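Atoms within each ligand, like the ligands themselves, are counted from 1 in listed order. All values derive from a computational prediction rather than experimental measurement.
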Amino acid sequence: MRVNHAAIIGAGAIGVGWTIVFARSGLLVNVYDLDEKQLESFHSRVEERLKLLAENQLLDRDINEILGQIHTFKSLHDACANVSYIQECGPERLEVKKSLFAELELITSAHTIIASSSSALKPSVMAAELKNPERFLVVHPANPPYLLPIAEVVPSPGTNSETIKETMELLTELGMKPVQINGEPEGFVFNRLQGAILREAYCLVRDGVISAKDLDLVVTQALGRRWSVIGPFTTSALNVKGGNRAHAARMADSYHRMGLERGQNDPWSDELVEKVSNSIEQDWKVEDWEKNVLRRDLALMHLLKFIKQDPDLTF
Ligand SMILES: NC(=O)c1ccc[n+]([C@@H]2O[C@H](COP(=O)([O-])OP(=O)(O)OC[C@H]3O[C@@H](n4cnc5c(N)ncnc54)[C@H](O)[C@@H]3O)[C@@H](O)[C@H]2O)c1
């Protein structure tokens with residue numbers, strides 16, 4: 001691992017989350033926040049979560065050893081001077097992020113990668129005034145990153161390929177599942193998907209179709225449970241014998257009409273369905289359809305067994 005020493009800027013919820021991801025894999029972690037109270041409570045907030053992870057057999061290293069790798073700093077310069085990767089976790093305000101990056105560019109080596117956790121700010125906008133935008137990009141986590149391993153790696157047009165490659169490799173070594181997002185779409189992908197569901201959910205409640213409570217039940221008792229083991233494309237592939245092509249042949253018109261009701265005219269073209277099928281079939285062959293349906297069911301059974309073991313988990 002080229003990166004064995006990282007810095008976290010901003011010791012809030014996401015700063016704690018990334019620190020656990022880095023430190024549990026053996027990295028040294030420097031933490032900076034301009035609020036000293038956040039630094040004073042930092043180790044105890046990390047420790048609380050590490051204990052919970054250990055109690056649930058999700059930590060294979062000694063807690064004190066991990067805590068010993070984490071150091072807090074009252075100076076941005078001291079925190080970042082000797083690190084090769086920085087994960088910025090400050091507030092979601094463009095002017096704060098821009099001024100932090102301008103300072104970081106001056107005080108770090110030319111090889112230090114600067115990643116922002118931003119949920120919605122475009123990397124090209126945040127990097128607009130940087131002299132060296134090639135080592136800057138967004139690495140957007142799900143919250144909390146030590147339990148939800150996806151990381152959206154969003155380069156700006158100015159980010160160089162070496163920075164993207166090194167960041168993807170680092171995240172993989174840390175046990176994360178990095179996905180590269182192209183073109184800086186508003187909300188990246190995680191929040192666009194979340195937003196699509198949430199927008200429709202609000203419309204359905206507004207129109208009196210379902211109560212908010214029952215809508216949540218539809219997700220927790222079916223959609224969400226299924227999506228925790230297979231994604232929406234694999235779900236479609238396994239819902240209709242014959243995979244995504246057969247699913248689209250049967251359902252595409254209905255989904256198109258649902259979109260039109262919300263002013264969205266995005267039919268699935270044959271080429272698009274072909275592209276999706278070819279990608280999904282790399283892991284879920286159509287000729288193994290029956291076997292794959294059982295594979296899905298078994299994964300759901302394992303999940304259900306765990307949920308049923310703890311009545312507090314059946315909300
Ligand atoms: N909370 C989430 O669910 C979530 C998920 C993914 C990404 N993010 C993104 O991560 C970032 C951090 O979010 P959060 O929820 O941890 O916020 P937070 O409010 O919990 O923490 C922000 C921290 O930054 C500190 N801070 C403020 N100005 C600073 C500065 N100039 N320099 C250094 N530190 C400064 C604050 O004192 C605070 O401790 C945001 O960009 C957010 O959009 C949040």
Side-chain angles (χ1 to χ4, degrees), residues 6-23 29-49 70-81 83 85-108 112-130 136-156 167 171 174 176-181 184-195 197-198 224:
I8 298 288
I9 310 300
I14 293 298
V16 165
W18 276 121
T19 297
I20 292 172
V21 170
F22 292 143
V29 186
N30 293 354
V31 181
Y32 166 76
D33 196 297
L34 48 71
D35 181 350
E36 286 189 19
K37 288 206 185 76
Q38 288 289 73
L39 295 177
E40 281 157 21
S41 65
F42 193 75
H43 275 82
S44 66
R45 285 185 285 136
V46 170
E47 186 177 12
E48 189 181 21
R49 285 154 183 86
I70 302 166
H71 302 280
T72 56
F73 290 81
K74 292 179 189 167
S75 139
L76 182 67
H77 182 276
D78 292 348
C80 298
V83 304
Y85 182 90
I86 295 172
Q87 185 74 41
E88 175 273 322
C89 311
E92 186 76 352
R93 294 212 310 273
L94 181 59
E95 66 287 1
V96 175
K97 302 234 191 242
K98 277 175 95 169
S99 90
L100 267 172
F101 300 134
E103 202 173 342
L104 286 173
E105 190 175 45
L106 292 176
I107 62 177
T108 54
T112 303
I113 293 173
I114 304 174
S116 171
S117 302
S118 176
S119 306
L121 300 169
K122 295 189 184 215
S124 60
V125 174
M126 288 189 279
E129 281 136 44
L130 295 184
F136 175 79
L137 76 179
V138 163
V139 176
H140 174 239
N143 188 20
Y146 52 86
L147 294 179
L148 303 173
I150 212 73
E152 296 187 280
V153 175
V154 194
S156 81
T167 303
L171 291 164
L174 293 172
M176 302 294 284
K177 303 272 184 207
V179 286
Q180 188 175 330
I181 309 296
E184 305 184 85
E186 177 77 37
F188 312 136
V189 169
F190 182 97
N191 281 326
R192 286 187 83 91
L193 289 174
Q194 191 160 249
I197 290 275
L198 202 54

Check whether H43 reaches the backbone of H71 with its side chain - one donor and one acceptor, N or O, closer than 3.5 Å.
no
Contact residues of ligand 1 (heavy atom under 4.0 Å), by chain and number:
I9, G10, A11, G12, A13, I14, Y32, D33, L34, D35, Q38, C89, G90, P91, E92, V96, K97, L100, S117, S118, S119, H140, P141, N143
Tell me which pairs pass side-chain hydrogen bond (donor to acceptor under 3.5 Å, both in side chains) where either residue lies in residues 10-23, with sequence neighbours left out.
W18-S117
With sequence neighbours excluded, what pairs up with S119 under the side chain to side chain contact (heavy atoms under 4.5 Å, CB included) test?
E92, H140, N191
Check whether T112 reaches the backbone of T108 with its side chain - one donor and one acceptor, N or O, closer than 3.5 Å.
no
Please name all residues satisfying side chain to side chain contact (heavy atoms under 4.5 Å, CB included) with L94, sequence neighbours left out, ordered by chain then number.
K98, L121, V125, M126
Tell me if a side-chain donor or acceptor on K122 pairs with a main-chain N or O of E184 at a distance below 3.5 Å.
yes
